[in-house]
Amino acid sequence: MSDKKIKVTLVKSVIGTKQSHRATVRGLGLRRLNHSVELADTPEVRGMINKVSYLLKCEG
């Protein structure tokens with residue numbers, strides 16, 4: 001298993017977004033605007049990032 005990480009930052013507010021998108025953002029571990037987390041580079045995490053990509057900034 002690889003040790004690759006993705007740094008994800010919430011750059012747009014979740015106010016006014018779909019409930020499932022808010023849940024996805026929380027599932028990624030993001031709590032507030034400009035909060036960053038480092039996540040394992042897995043297909044599951046990539047799918048979550050893809051779903052709410054309009055709210056996030058990603059760095060490989």
Side-chain angles (χ1 to χ4, degrees):
M1 196 167 175
S2 66
D3 297 338
K4 293 201 174 204
K5 298 276 187 182
I6 303 175
K7 185 177 181 185
V8 183
T9 307
L10 186 64
V11 294
K12 194 169 182 288
S13 175
V14 295
I15 294 171
T17 59
K18 291 181 178 178
Q19 196 67 44
S20 65
H21 290 201
R22 289 183 213 184
T24 302
V25 168
R26 286 302 312 234
L28 288 167
L30 297 164
R31 296 175 178 269
R32 69 193 84 81
L33 216 52
N34 296 316
H35 185 215
S36 297
V37 291
E38 283 205 351
L39 301 164
D41 188 1
T42 64
E44 295 83 2
V45 170
R46 289 248 177 181
M48 292 172 77
I49 290 170
N50 193 44
K51 181 176 179 177
V52 293
S53 60
Y54 65 100
L55 299 171
L56 307 175
K57 182 178 77 173
C58 300
E59 298 165 33

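Along the sequence shown, the residues carry numbers beginning at 1. Treat the numbers as computed from the prediction; the structure is a model and nothing was measured. The figures here come from the full heavy-atom set of this structure, side chains too, leaving out hydrogens, waters and symmetry mates.
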Show me the donor-acceptor pairs, under 3.5 Å and distance only, between side chains in residues 6-20 and residues at least two apart or in other chains.
from : atom 1 : to  : atom 2 : distance (Å)
T9   : OG1    : S36 : OG     : 2.7
S13  : OG     : I15 : N      : 3.1
T17  : OG1    : V14 : O      : 2.5

message: Nearest 0.5 angstrom please: E59 CD to K5 NZ, how far?
response: 15.0 Å

- request: Starting at CG of L55, measure out to CG of L28 and round the result to the nearest 0.5 Å.
  value: 10.0 Å

field: Partners passing ring-ring contact (aromatic ring centres under 6.0 Å, His included) against H21 (at least two apart in sequence or in another chain)
entry: Y54

Spacing of CG belonging to L39 relative to CD belonging to E44, to within rounding of 0.5 Å: 12.0 Å

- request: Specify the closest pair of heavy atoms between V37 and G29, including all atoms of both residues, with the distance to one decimal.
  value: CG1-O, 3.5 Å

query: With the threshold set at 4.0 Å, does a side-chain nitrogen-carboxylate oxygen contact exist between R46 and D41?
result: yes

task: Identify the two heavy atoms, one from H35 and one from L30, that lie closest to each other, and give their separation to 0.1 Å.
output: O-CD2, 3.2 Å

